Amino acid sequence: MPDIIRINDVSAWEDKEVVIEGWLYNKRSSGKLHFLQVRDGSGTIQCVVFQGDVSPDVFERASDLGQESSLRVMGTVRADARSSIGFEIGVSDIEIVHRAEDYPITPKEHGTAFLMDHRHLWLRSSRQHAILSVRAEIVKVCRDYYDNNGFTLVDAPIFTPSSCEGTSTLFETDYFDETAYLTQSGQLYMEAAAMAFGKVYCFGPTFRAEKSKTRRHLTEFWMIEPEVAYMDLSGNMDLAEDFICYVVQRVIETCRPELMALQRDLAPLQRVQKPFPRISYSDAHELLKDAGCDHTWGEDFGAEDETVLANAHDRPVIVHRYPSACKAFYMKGDPDDSQLALCMDVLAPEGYGEIVGGGQREDDLEVLRRKLAEHGLDEAPFQWYLDLRDYGSVPHSGFGLGIERTVAWICGLSHVRETIPFPRLLQRLYP
RNA sequence: UCCGGCGUAGCUCAGCUGGCAGAGCAAGUGGCUGUUAACCACUGGGUCGUAGGUUCGAGUCCUACCGCCGGAGCCA
């Protein structure tokens, strides 16, 4: 039997007899010719069955195959200028592995709800395949960045005894005789890990029971969260900027075919270079007022505000020193202005909004106790966290980057639901 | 949770001031040696989201409910 090859390696097999193991993506026929579009997970190639080249039963087999039937195709790789990949296969034999009938996702248009109900099959479509390939590369590149820069991977737990942010948007579950919550963030655990390793990161799923129904929200999403001991807010902004530039520039190099397939304009991504503009919350507030927005000082920015701020610049923009009142209890106060927190967000261009949130953490035990009380939080579940300030407390900072929003931005998608294999949304737990 | 929109064939949709339920694609049959979401001909396919109401008559008008889509708030 000839060698079994992957379609993305086909150029190395010109004029050779090969076998492709795959699925029928689409089919066109023209009397004595069948054109089978066969995909194998690595790519798609046209396999040409000519009546004059094959036995009558092979030609007959090719004529009534349903979309997504699985098959082994034997034939010769040949260069052809008419092919989008430069090669096609002249078929000599076909083995039908499984005959599929009435595949629901046809080559014509479908609505979002229908496609999401068939997400397990939709993954096979070329566009979804491209998006998830980019996601895989983004995850790889994110890990590479930290692994190659002295960070240690420390996994945070999924079950937690309490909220990280003190909000009521937690998924609750029974944990034997106790109540547990699904994690909202690994951050508090990364602070502990940073005191052990200096530079750490975690990467995993997080859960938020927010009843958000927008193009930027999932109830289950993945976050990569670095945390560094002895790093201040300024260093934190440097790290986020360097990290984002590295990820974007590497992905537009390695995923060029996928981004082309998604018709992504690369120019805005190529402009993602250091330095990013850094503006204070108060300056951002002034900018919004000048632009005609009715933003009130002291309140967080809305989706429209973020877009206005991002559109005022040609690359991601860092907004720092928000009012403490709209930030979590663990944010360190600004020594120069007690109303402000030493925090920062990174807003992606083109209306993609906040992709990074972080800051310098409060490292003084008494201040932290006071802030817990101010936020109405019980001290007991945070005792271990307070311990970190009792035994060698140091200034430290970190942030979280949302993977799905980053994928949506880099791919140029209008909704995060296509950036994760099986999205979990307010109204969707299936498939 | 609030605001707006939509539920008609397997899918995407049309159906006007109430009067015989439609198209394209998919499926089936036949045709074509170079198709690229192939094309051409023919065939089958419906509890018009659900429950009430108005009317001689409701896909169409009214009420309630259910589901989905978009946006807001909140957040990554």
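Just so we're on the same page: letters track the sequence lines, and every chain starts at 1. This one's a predicted model, so the numbers in the text were calculated from it and none came from an experiment.
Within the 4.0 angstrom heavy-atom criterion, only backbone atoms of the sugar-phosphate kind lie near A/G302; the bases stay farther away. Within the nucleic acid shown, A/H415 comes within 4.0 Å of sugar-phosphate atoms alone, with no base atom in reach, counting heavy atoms only. Using a 4.0 Å heavy-atom criterion, one finds that A/N26 contacts the sugar-phosphate atoms exclusively. Contacts of A/E88 with the nucleic acid, taken as non-hydrogen atoms under 4.0 Å apart, include base atoms. Nucleic acid contact class of A/I403 (heavy atoms, under 4.0 Å, all strands): none. Among the atoms of the strands shown, only primed sugar atoms or phosphate atoms (P, OP1, OP2) are found under 4.0 Å from some heavy atom of A/V356. Within the nucleic acid shown, A/Q51 has no heavy atom closer than 4.0 Å to any nucleic acid atom.
Look at the P atom in both B/C20 and B/U60: the space between them is 14 Å, to the nearest Å. Between B/U12 and B/G7, the distance separating the two P atoms is 12 Å to the nearest Å. Between B/G70 and B/A14, the two C1' atoms lie 22 Å apart (nearest whole Å). A distance of about 34 Å separates the P atoms of B/A26 and B/G67, rounded to the whole Å. Straight-line distance between the C1' atoms of B/C40 and B/C48: roughly 32 Å, to the nearest whole Å. Nucleotides B/C6 and B/C42 are separated by 35 Å at their C1' atoms, to the nearest Å. Look at the P atom in both B/U55 and B/A41: the space between them is 48 Å, to the nearest Å. Spacing between B/A37 and B/C25 at atom C1', rounded to whole Å, works out to 10 Å.
Both stacking criteria are satisfied for A/F221 over the base of B/A76: a centre-to-centre distance under 5.5 angstrom and an angle between ring planes under 30 degrees.
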note = B/S/- along nucleotides 23-33 of chain B (protein heavy atoms under 4.0 Å) is --SSS----BB
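Figure legend. B/G34 is base-paired to no nucleotide; pairs are counted as Watson-Crick or G-U wobble with both atom distances under 3.5 Å. Applying the Watson-Crick and G-U wobble criteria (two distances, each under 3.5 Å), B/C16 pairs with nothing in any strand. With a cut-off of 3.5 Å on both pairing distances, B/G45 has no Watson-Crick or G-U wobble partner at all. Here B/A21 sits opposite no nucleotide as a Watson-Crick or G-U wobble pair (both hydrogen-bonding atom distances under 3.5 Å). Of the nucleotides present, none pairs with B/U55 by Watson-Crick or G-U wobble criteria with both distances under 3.5 Å. B/U1: Watson-Crick or G-U partner is B/A72, with both key distances under 3.5 Å. When Watson-Crick and G-U wobble pairs are counted only if both distances are under 3.5 Å, B/C66 pairs with B/G7.
Set against B/U35, B/C69, B/A76, the side chain of A/Q37 has B/U35 as its closest nucleotide. Of the candidate nucleotides B/G73, B/U35, B/C11, B/C11 has the atom nearest to the side chain of A/F114. For A/S212, whose side chain is taken as the heavy atoms from C-beta onward, the closest listed nucleotide among B/G34, B/C69, B/C74 is B/C74.
Between A/Y145 and A/F243, the ring-plane angle classifies as tilted under the 30° and 60° cut-offs. Between A/Y385 and A/F329, the ring-plane angle classifies as perpendicular under the 30° and 60° cut-offs.
For A/R405 against B/C75, a side-chain-to-base donor-acceptor contact under 3.5 Å is present. One N or O donor and one acceptor, one from the side chain of A/H217 and one from the base of B/C75, sit under 3.5 Å apart.
In terms of position along RNA chain B, the nucleotide closest to A/G111 lies nearer the 5' end than the nucleotide closest to the other residue of the pair A/G111 and A/T214. Looking at which nucleotide of RNA chain B each of A/V48 and A/L426 is closest to, the 5′-most match is held by A/L426.
Between A/R361 and A/E227 there is a salt bridge, since a side-chain N of the basic residue sits under 4.0 Å from a carboxylate O of the acidic one. By the 4.0 Å N-to-carboxylate-O rule, A/R72 lies too far from A/D93 to be salt-bridged with it. A salt bridge is defined here as a Lys NZ or Arg NE, NH1 or NH2 lying under 4.0 Å from an Asp or Glu carboxylate O, and A/E418 with A/R127 meets this definition. In this structure, A/E258 does not pair ionically with A/R135, as no charged nitrogen and carboxylate oxygen lie closer than 4.0 Å.
When the shell of 6.0 Å around CG of A/D265 is examined, it contains more than 12 heavy atoms from other residues, nucleotides or ligands.
Judged by distance alone, with hydrogens and angles left aside, the side-chain atoms of A/K371 form no donor-acceptor pair with the main-chain N or O of A/A328 at under 3.5 Å.
Taking atom CH2 of A/W409 as the reference point, atom P of B/A76 lies 17 Å away to the nearest angstrom. A/Q427 places its CD atom 9 Å from the C1' atom of B/G67, with the value rounded to the nearest Å. Regarding A/L115, its CG atom lies at a distance of 14 Å from the C1' atom of B/C68, rounded to whole Å. The separation between A/E304 atom CD and B/A72 atom P is 8 Å, rounded to whole Å. At whole-Å resolution of the value, CD in A/E210 and C1' in B/A76 are 9 Å apart. Here the C1' atom of nucleotide B/C68 and the OH atom of A/Y430 are 16 Å apart, to the nearest Å. Remark: C1' of B/A72 and CG of A/D294 are 13 Å apart, rounded to the nearest angstrom. Remark: P of B/A76 and CD1 of A/I224 are 16 Å apart, rounded to the nearest angstrom.
Judged by a 6.0 Å distance limit and a 45° cone about the ring axis, A/K327 is positioned over the six-membered ring of A/Y322.
Considering only side-chain N and O atoms, A/R78 lies nowhere under 4.0 angstrom from the phosphate OP1 or OP2 of B/G34.
Each of A/L309, A/D300, A/L288 was compared with A/H295 under the side chain to side chain contact (heavy atoms under 4.5 Å, CB included) criterion, and only A/L288 meets it. Checking A/D238, A/D345, A/D283 one by one against A/R278, the salt bridge (Lys or Arg N to Asp or Glu O under 4.0 Å) holds for a single residue, A/D238.
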